[in-house]
Protein chains: 2
Amino acid sequence: MPWYPEGNPMADARKGAASPTAEELDPCDVVRSILGRVGDKWSAVVMDELAAGPRRFNELRRLVSPITQRVLTSTLRALEGDGLVTRTVHPTIPPQVEYALTDSGRALHAIIKNVAAWTDAYLGTVHAARSARKDSAG
Amino acid sequence: MPWYPEGNPMADARKGAASPTAEELDPCDVVRSILGRVGDKWSAVVMDELAAGPRRFNELRRLVSPITQRVLTSTLRALEGDGLVTRTVHPTIPPQVEYALTDSGRALHAIIKNVAAWTDAYLGTVHAARSARKDSAG
DNA sequence: CAGGATCCGTGGGGATACTG
DNA sequence: CAGTATCCCCACGGATCCTG
């Protein structure tokens, strides 16, 4: 039994098109959006850094290296929007904002680590396949 | 210890920019590319269908519903290029092509199912976070 | 049946400048 | 410090037509 819709997977789940009442919301769409989230360019890296403990914005910016400030912001907003990270503002001067993983974020991060383990196990297979592809392509 | 590079994650790993000699290839880049793969719009769905058994092209096309032929082709090529699925051509008339998961593909699919399980467990959390976001936005 | 070739719109993401 | 605002590029994905 598939976890994705028969007719229109994902659709505009990330835009919240029809705003269903949570119980009507298809888990399939959520799975797809979550896969898309951890599959985007930086979310997984950010989560992995946050797994070590709460971090501040520019701290993350440095840890996640060549990420742009604009992209880091939108990445964090997206993660926050799915309840994977929390954003805590300390009203000091200068402002201090701390980002941290939630329980769900931590659980999802564990799965990401499984992908890392998978890569460790199948690195040879992947590389062989890529080489073969390169081989037949010229 | 992070599974991604400090300086330049992903980079152009998917293009095979410098064609490293397999041992020099950073596993980190591979993790990112794999996450990107299962995070794209259709790969996970295709793999889930293939998990039930080998399928032919147009068979998949119907199962994965509104996917375009062009996109299904490129998705399958990408999966094949990473050694996640095999493509077997039977020289009949009309031509018959069968796609199937490899061992690594099956293992990766298992992880994807974990994400589905995660979603099942945290669906409420995710929805609550999304509602809250919607709440403060509108 | 299983694609290849072509055209095109959308938006993810990079660079840069500015602000409370 | 922690963002917001703008501009821009191009890869992803959709639509359509054509073929061995």
Practice prompt. Mark yes or no for whether B/Trp118, through its side chain, and A/Ile34, through its backbone, hold a donor-acceptor pair below 3.5 Å.
Written response: no
Discussion item. Using every non-hydrogen atom in the two residues, find where B/Ala44 and A/Leu35 come nearest and quote the distance to one decimal.
Written reply: CB-CD1, 3.7 Å
Filtered N/O pairs between nucleotides 14-18 of chain D and protein, under 3.5 Å:
unit_1 : atom_1 : unit_2  : atom_2 : d
D/dG14 : OP1    : B/Lys41 : NZ     : 2.8
D/dG14 : OP1    : B/Trp42 : NE1    : 3.4
D/dG14 : OP2    : B/Trp42 : NE1    : 3.1
D/dG14 : O6     : B/Arg70 : NE     : 2.9
D/dA15 : N6     : B/Arg70 : NE     : 3.4

Side-chain donor-acceptor contacts of residues 76-84 of chain B below 3.5 Å, not counting sequence neighbours, with atom names and distances?
unit_1  : atom_1 : unit_2   : atom_2 : d
B/Asp82 : OD1    : A/Arg130 : NE     : 2.7
B/Asp82 : OD1    : A/Arg130 : NH2    : 3.3
B/Asp82 : OD2    : B/Arg37  : NE     : 3.1
B/Asp82 : OD2    : B/Arg37  : NH2    : 3.0

Fill in: Spacing between A/Arg37 atom CZ and C/dG12 atom C1', to the nearest angstrom
12 Å
Item to complete: Take atom CD of A/Glu59 and atom P of D/dG3, then tell me their distance rounded to the nearest Å.
Response: 13 Å
Item to complete: Grab the CG-P distance between A/Leu60 and D/dC1 for me, whole Å please.
Response: 13 Å
Discussion item. Rounded to whole Å, please give me the gap between CZ in B/Arg55 and C1' in C/dG3.
Written reply: 20 Å
Discussion item. Measuring only between side-chain heavy atoms, which start at C-beta, is A/Asp48 closer than 4.5 Å to A/Lys113?
Written reply: yes
Worksheet item: Quick one: are B/Val97 and B/Thr88 in side-chain contact, heavy atoms under 4.5 Å?
Response: no
Discussion item. Can you tell me which nucleotide in D/dG13, D/dC1, C/dG13 comes closest to the side chain of A/Asp40?
Written reply: C/dG13
Practice prompt. Would you jot down, in residue-number order, the residues of residues 72-87 of chain A having a non-hydrogen atom under 4.0 Å from DNA chain D?
Written response: A/Thr73, A/Arg77, A/Arg87
Worksheet item: Just to confirm, is there a sub-4.0 Å distance from OP1 or OP2 of C/dG3 to any side-chain nitrogen or oxygen of B/Tyr99?
Response: yes
Fill in: Residues B/Arg55 and B/Tyr99: side-chain donor-acceptor under 3.5 angstrom
no
Discussion item. Whole angstroms only, please: what is the CD-P distance between A/Glu98 and D/dC1?
Written reply: 15 Å
Discussion item. Please check if the number of heavy atoms outside B/Asn58 that lie under 6.0 Å from its CG is greater than 12.
Written reply: yes
Discussion item. Just the rounded figure in Å: distance from P of C/dC1 to CZ of B/Phe57.
Written reply: 11 Å
Worksheet item: Taking C-beta and beyond as the side chain, do A/Trp42 and A/Pro66 meet within less than 4.5 Å on heavy atoms?
Response: yes
Practice prompt. Check whether any side-chain heavy atom of A/Ser43 sits under 4.5 Å from a side-chain heavy atom of A/Val38, and report yes or no.
Written response: no
Worksheet item: What integer distance in Å separates A/Asn58:CG from D/dA2:P?
Response: 5 Å
Worksheet item: Whole-Å distance between C/dT16 C1' and A/Arg61 CZ?
Response: 11 Å
